[in-house]
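One structure below.
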Amino acid sequence: FIENTAPVCADGITDACLIPTFSSLDTPFTYSWTSNGTFVSSDLTLCFPDVGPAQNGPYPFVVKDKYGCPSAPSTATINVQAQVATPQLLVSPNPVCVGNSVTLSLGNTYNGGPQYHWINPQHDTITTTGPQLVLLGVSLVQGGDYNGYVAQGACASPPANTVTLV
């Protein structure tokens, strides 16, 4: 069995470790981790600092006992989704007059069908499939701080900058 601590989403700070467990009386042991047929490490535990998609793939693990006899390979797979970039929140026009329309945009280009989440001054979340939220016939109640983030697959961006609609 190999415990895999890899996160689902890369965040630029989280490490991933592959931690095997096994039992045998024929100590000492030597260890071998490989990836795509290339030797990676002789450590018992294989760790990746700040893990990301570059480390994705299968990692076979083999133990050799004191006689040099190898175990059958046991494989763990790293599969981390890329970190979603922090969007830039833009508003146009601002200031906006009561009764006019305003467009909020979450800048940056995202591939793969992202969802855009908008947080209004009342802390309601509005979800769209496009990077713009158009508010028609703005009222005084819609004034205040807006924020947003982008979700892609199981991963979400850090929050965008806050803009104040006046």
Side-chain angles (χ1 to χ4, degrees), residues 2-20 33-41 43-61 74-166:
I2 300 175
E3 179 184 358
N4 182 343
T5 67
V8 172
C9 305
D11 61 10
I13 59 170
T14 301
D15 299 345
C17 291
L18 303 177
I19 308 163
W33 290 97
T34 58
S35 177
N36 297 320
T38 302
F39 175 78
V40 175
S41 176
D43 294 334
L44 174 60
T45 299
L46 181 61
C47 291
F48 301 95
D50 304 333
V51 69
Q55 289 81 36
N56 284 352
Y59 290 88
F61 173 73
S74 183
T75 301
T77 300
I78 301 266
N79 186 16
V80 177
Q81 291 183 29
Q83 184 173 14
V84 181
T86 304
Q88 177 72 29
L89 181 55
L90 307 169
V91 59
S92 179
N94 197 20
V96 63
C97 297
V98 171
N100 288 348
S101 298
V102 65
T103 301
L104 300 173
S105 301
L106 282 171
N108 296 16
T109 301
Y110 299 94
N111 298 319
Q115 288 189 327
Y116 298 85
H117 300 271
W118 311 87
I119 302 158
N120 67 19
Q122 292 76 34
H123 305 288
D124 298 321
T125 300
I126 302 158
T127 302
T128 63
T129 56
Q132 294 185 331
L133 177 65
V134 178
L135 304 175
L136 302 172
V138 174
S139 68
L140 290 175
V141 171
Q142 291 171 300
D145 292 340
Y146 284 80
N147 202 320
Y149 64 94
V150 177
Q152 203 158 23
C155 303
S157 72
N161 54 298
T162 299
V163 298
T164 303
L165 191 60
V166 291

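Keep in mind that what you see is a predicted model, and the values were worked out from it rather than measured. Numbers here simply count residues along the sequence, with the first being 1.
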Exercise for the section: Provide the full list of ring pair (Phe, Tyr, Trp, His ring centres under 6.0 Å) pairs with a residue in residues 121-143, sequence neighbours left out, each pair given once. Expected result: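 Sorted result for residues 121-143: empty, none.
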Practice task
May I ask you to decide if Thr38's main-chain N or O and Asn36's side chain share a donor-acceptor pair within less than 3.5 Å?
Solution key: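 Checked: no pair found.
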Which heavy atom of [X] sits nearest to which heavy atom of [Y], and what is that distance?
X: Ala156; Y: Tyr149; result: CB-CD1, 4.0 Å
X: Leu18; Y: Pro20; result: O-CD, 3.6 Å
X: Trp33; Y: Tyr59; result: CZ3-O, 3.6 Å

Handout entry: Sequence neighbours excluded, every pair satisfying disulfide bond (SG atoms under 2.5 Å apart) that has a member inside residues 82-140
Key =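 Every candidate disulfide bond (SG atoms under 2.5 Å apart) pair involving residues 82-140 fails, so no pair, neighbours aside, qualifies.
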Practice task
Would you mind listing every disulfide bond (SG atoms under 2.5 Å apart) that reaches into residues 105-148, with sequence neighbours excluded?
Solution key: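 Checked against disulfide bond (SG atoms under 2.5 Å apart) - neighbours excluded - no pair reaches residues 105-148.
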Would you tabulate the side-chain donor-acceptor contacts of residues 157-166 under 3.5 Å, counting partners in other chains and residues two or more places apart, or write 'none'?
from, atom 1, to, atom 2, distance (Å)
Ser157, OG, Val150, N, 2.9
Asn161, OD1, Leu89, N, 2.7
Asn161, ND2, Leu89, O, 3.1
Thr162, OG1, Asn147, ND2, 3.1
Thr164, OG1, Asp145, OD1, 2.6

Handout entry: Side chain proximity check, Asn94 to Val102, heavy atoms < 4.5 angstrom
Key =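 Asn94 vs Val102: side chains apart.
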Exercise for the section: Could you pull out all residues at least two apart from Trp118 that satisfy ring pair (Phe, Tyr, Trp, His ring centres under 6.0 Å)? Expected result: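 Scan of Trp118 (ring pair (Phe, Tyr, Trp, His ring centres under 6.0 Å), adjacent residues dropped) gives none.
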For the [atom1] atom of [X] and the [atom2] atom of [Y], what is their distance to the nearest 0.5 Å?
X: Ile126; Y: Leu135; atom1: CD1; atom2: CG; value: 7.0 Å
X: Leu46; Y: Ile78; atom1: CG; atom2: CD1; value: 7.0 Å
X: Thr128; Y: Leu104; atom1: OG1; atom2: CG; value: 10.0 Å

Atom pairs and distances, side-chain donor-acceptor, residues 2-10, under 3.5 Å, sequence neighbours left out:
from, atom 1, to, atom 2, distance (Å)
Asn4, OD1, Ala6, N, 2.9
Asn4, ND2, Thr77, O, 2.7
Thr5, OG1, Cys17, N, 2.6
Thr5, OG1, Cys17, O, 3.2

Exercise for the section: Evaluate side-chain contact (heavy atoms from CB on, under 4.5 Å) for Asp15 paired with Val51, printing each intermediate quantity in order. Expected result: CA-CA 5 Å; Asp15 299 345; Val51 69; over 6 Å; no
How would you list, by chain and number, every residue that makes a side chain to side chain contact (heavy atoms under 4.5 Å, CB included) with [X], sequence neighbours excluded?
X: Leu136; result: Ser101, Val134
X: Ala85; result: Asn108, Tyr110
X: Ser92; result: none
X: Ser139; result: Val141, Gln142

Practice task
Check side chain to side chain donor-acceptor pair (under 3.5 Å) between Thr127 and all other residues, then give those that pass, not counting sequence neighbours.
Solution key: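 Only His117 meet the side chain to side chain donor-acceptor pair (under 3.5 Å) criterion with Thr127.
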Practice task
Output all residues satisfying side chain to side chain donor-acceptor pair (under 3.5 Å) with Asn56, sequence neighbours left out; order by chain, then residue number.
Solution key: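 Once residues adjacent in sequence are excluded, Asn56 has no partner under the side chain to side chain donor-acceptor pair (under 3.5 Å) criterion.
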Exercise for the section: Take Thr14 and Phe48 through the side-chain contact (heavy atoms from CB on, under 4.5 Å) test and state the conclusion after the steps. Expected result: CA-CA 9 Å; Thr14 301; Phe48 301 95; over 6 Å; no
